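What you see is a predicted model, and the numbers here were worked out from it, not measured in a lab. Residue numbering restarts at 1 for every chain, and letters A, B, ... go by the order of the sequence lines.
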Number of protein chains: 2
Amino acid sequence: MTVRPMRSPRATIVDVADAAQVSRQTVSNVLNRPDKVAPATLERVQREILRLGFTPHASAQQLRRKRSSAVGFEVNPLGHRRMGHILDEFLVELTVVAPRHASHVVAFAPDPDDVIAAYRQILASGLVDGFVLADTRHTDPRPGWLMEHEVPFVSFGRLWDLPELQCWVDVDGRAGVRAAVAHLVEAGYEQVGFLGWPAGSPVGDDRRAGWAEGLHEAGLTSPGSDEESSNQDLDEATAAAERLLGRLGQGAAIVCASDLLALGALRAVRNLDLEPGRDVGVVGFDDTEVAAAMQLSSVRQPVAEAARVAWDMLLAPTSPEPQAQLLTPTLTVRRTSIRRAP
Amino acid sequence: MTVRPMRSPRATIVDVADAAQVSRQTVSNVLNRPDKVAPATLERVQREILRLGFTPHASAQQLRRKRSSAVGFEVNPLGHRRMGHILDEFLVELTVVAPRHASHVVAFAPDPDDVIAAYRQILASGLVDGFVLADTRHTDPRPGWLMEHEVPFVSFGRLWDLPELQCWVDVDGRAGVRAAVAHLVEAGYEQVGFLGWPAGSPVGDDRRAGWAEGLHEAGLTSPGSDEESSNQDLDEATAAAERLLGRLGQGAAIVCASDLLALGALRAVRNLDLEPGRDVGVVGFDDTEVAAAMQLSSVRQPVAEAARVAWDMLLAPTSPEPQAQLLTPTLTVRRTSIRRAP
DNA sequence: CGCCCAAGTATGAACGTTCAAATCGCCATC
DNA sequence: GATGGCGATTTGAACGTTCATACTTGGGCG
């Protein structure tokens with residue numbers, strides 16, 4: 001960092017102490033244990049703090065307290081191109097909540113070849129004293145490593161590999177899809193098909209289960225021919241949706257595991273000269289900007305709440321062990337799931 | 001932060017010094033001024049550093065060096081819904097580059113009612129020693145305040161209000177649109193219209209100028225009826241694009257000031273039972289995920305390069321004053337600007 | 001042979017804060 | 001009137017590093 005001289009040297013705790021005719025420790029107490037300070041002294045010191053514009057020096061505090069009051073959050077340049085700015089949004093919400101816990105967020109981008117090294121490094125340097133994980137993959141090395149080294153962390157996303165670990169918040173995708181099905185039935189669609197990802201991904205399987213449950217709750221039965229799967233690719237999704245629409249009858253709707261799949265469904269609908277909403281209901285997942293732009297109904301993850309919960313879990317006392325939390329998403333209803341134009 | 005005991009107390013510089021039979025200062029020199037250390041000593045100390053897994057304590061360094069080697073980056077929960085994920089992407093790239101400068105990035109979210117307070121606070125606490133601004137608005141108070149307090153900063157986006165300040169990187173939107181026009185003409189479209197925002201926004205006006213210049217360079221003249229404007233709203237954009245298409249002849253193309261406007265253009269094209277690309281060319285701006293999903297050609301900002309330049313500017317010597325940099329975007333060609341199917 | 005210089009290394013102090021323990025003043029109690 | 005105790009405040013030390021300076025060693029040179 002280029003060093004330009006600051007206009008004025010920062011005021012330190014000693015400057016305040018001198019000005020208020022007390023010792024440094026008393027000033028420290030005013031800030032950290034105000035109950036331990038006599039009212040008159042308290043007021044006098046606070047006035048001087050304000051007058052001098054004193055702010056404690058973070059590094060000095062961190063050094064002495066042996067904790068940084070910061071959490072690390074990994075950002076990933078590669079995962080960025082796939083759909084969904086959910087994780088970006090999560091970072092923002094994490095940052096918004098941080099001040100309430102007198103903390104801050106340090107972003108870091110590991111070398112893809114050795115992700116753990118980045119965690120080790122940033123932790124050893126004392127820059128953070130915990131992490132918030134996101135985008136936990138199958139056979140993710142991070143949770144195990146962190147646990148083994150007794151590093152505090154919380155994951156946004158279930159820890160599928162380590163069922164004994166309860167330090168996570170996630171969104172109940174199953175409930176979200178279930179709600180989408182209920183909404184579509186309520187809106188008057190007579191059949192509800194599912195367009196998902198190929199079986200095998202925990203998230204995708206969970207969403208599919210929500211669809212099956214939703215059908216069951218609505219008293220509908222699945223003929224078995226009312227689902228299709230596709231990878232996260234627009235053309236492939238469009239083709240899958242076309243096959244699916246060919247098998248579904250009039251007045252059907254499609255629930256999709258992602259907004260991109262839903263976009264494929266919308267194209268398929270239009271290719272058949274039908275109109276989304278009026279002729280075929282479509283609901284996506286994640287409520288990305290694509291959904292907003294296309295007026296696509298979509299299941300929205302409560303990202304801000306997830307961030308709040310993550311902080312609470314991270315700062316909660318270690319015993320009793322924190323309890324994993326599953327948040328319920330909400331449905332953003334737009335034109336593609338309204339059968340009759342309003 | 002919940003304090004759980006670390007598995008082992010961190011190794012300090014003194015531990016390394018003892019193990020290598022040298023003084024702490026020599027260890028410090030090994031890390032910071034290796035040229036000042038005798039080869040044999042260097043090697044011995046480095047071996048101990050590796051063996052003990054020593055990493056310097058960031059807070060101690062920051063305290064002593066009087067600088068934090070960190071930059072602050074403001075994230076904004078409101079601005080998030082508009083404007084694509086360009087800024088999220090910029091933050092990621094900023095973070096990726098940070099280690100090369102032995103720095104890191106601290107994210108923070110100011111109270112919207114007093115943005116400056118957040119900058120003052122985070123600066124006074126010594127958490128960062130500079131800032132990277134983004135999303136600089138008209139009559140933005142931040143650049144002025146930072147300059148006045150001699151705080152190092154760089155802006156991603158021109159500082160429209162303060163033409164004398166050169167500490168910014170931006171993307172030459174004008175050149176991007178010019179290139180888009182050239183590409184469309186090359187691809188065989190005979191007319192190129194423009195769908196922009198209402199006049200008055202510096203960014204929008206700049207992009208419109210690029211269109212006009214592009215026409216001129218291609219030897220085309222504007223009949224004056226070949227542009228329309230709309231706010232950043234899909235329905236409004238669709239209507240505007242329909243009006244525009246009504247006035248343009250066969251084999252026309254539309255360059256848009258944003259991907260959302262382009263999305264409106266795509267809808268307008270389909271509403272006229274035409275096919276984007278084959279019948280009407282469309283190019284958007286920002287290459288958001290919407291563009292990728294819709295197979296929309298779009299002008300892409302070189303975000304990673306902007307982040308690199310921002311770091312370089314921030315760390316450059318103060319004299320001579322840094323020179324503002326205008327980066328040239330690239331055109332991502334997809335189906336909507338290919339006249340004949342490949 | 002003594003002197004000086006440079007390279008290499010070591011020492012004391014400082015950065016700004018909080019912890020742990022000591023001190024001070026005051027009142028209640030015996 | 002001495003004693004104990006308690007609330008309020010102060011003092012010394014420590015956190016882990018780097019700056020400024022001092023010291024040591026060996027070689028070149030007059």
Item to check | Between Asn32(B) and Arg65(B): side-chain donor-acceptor atoms closer than 3.5 Å | outcome: yes

Margin query: Within the structure provided, determine whether Pro152(B) and Asp129(B) are in side-chain contact (heavy-atom separation under 4.5 Å).
Written below: no

Whole-Å distance, Ile13(A) CD1 to dT11(D) P, equals 14 Å

To the nearest angstrom, the NE2-C1' distance between His57(A) and dT17(D) comes to 13 Å

Here the distance between atom C1' of dC19(C) and atom CD of Gln62(A), to the nearest Å, is 17 Å

From CD of Gln61(A) across to C1' of dC19(C) the rounded distance in Å is 14 Å

Under 3.5 Å, side chain of Ser103(B) to main-chain N/O of His101(B), donor-acceptor pair present? yes

- Relative to the ring of Phe156(A), is the ring of Phe90(A) parallel (under 30°), tilted (30 to 60°) or perpendicular (over 60°)? parallel

Should Arg142(B) and Glu74(B) count as an ion pair when the cut-off is N to O under 4.0 Å? yes

Assess whether a salt bridge exists between Arg158(B) and Asp170(B), defined as any Lys/Arg side-chain N lying under 4.0 Å from an Asp/Glu carboxylate O.
yes

Going 5' to 3' through nucleotides 9-15 of chain C and flagging B where a protein heavy-atom sits under 4.0 Å of the base, S where only the sugar-phosphate is that close, and - otherwise, we get SBBBBBB

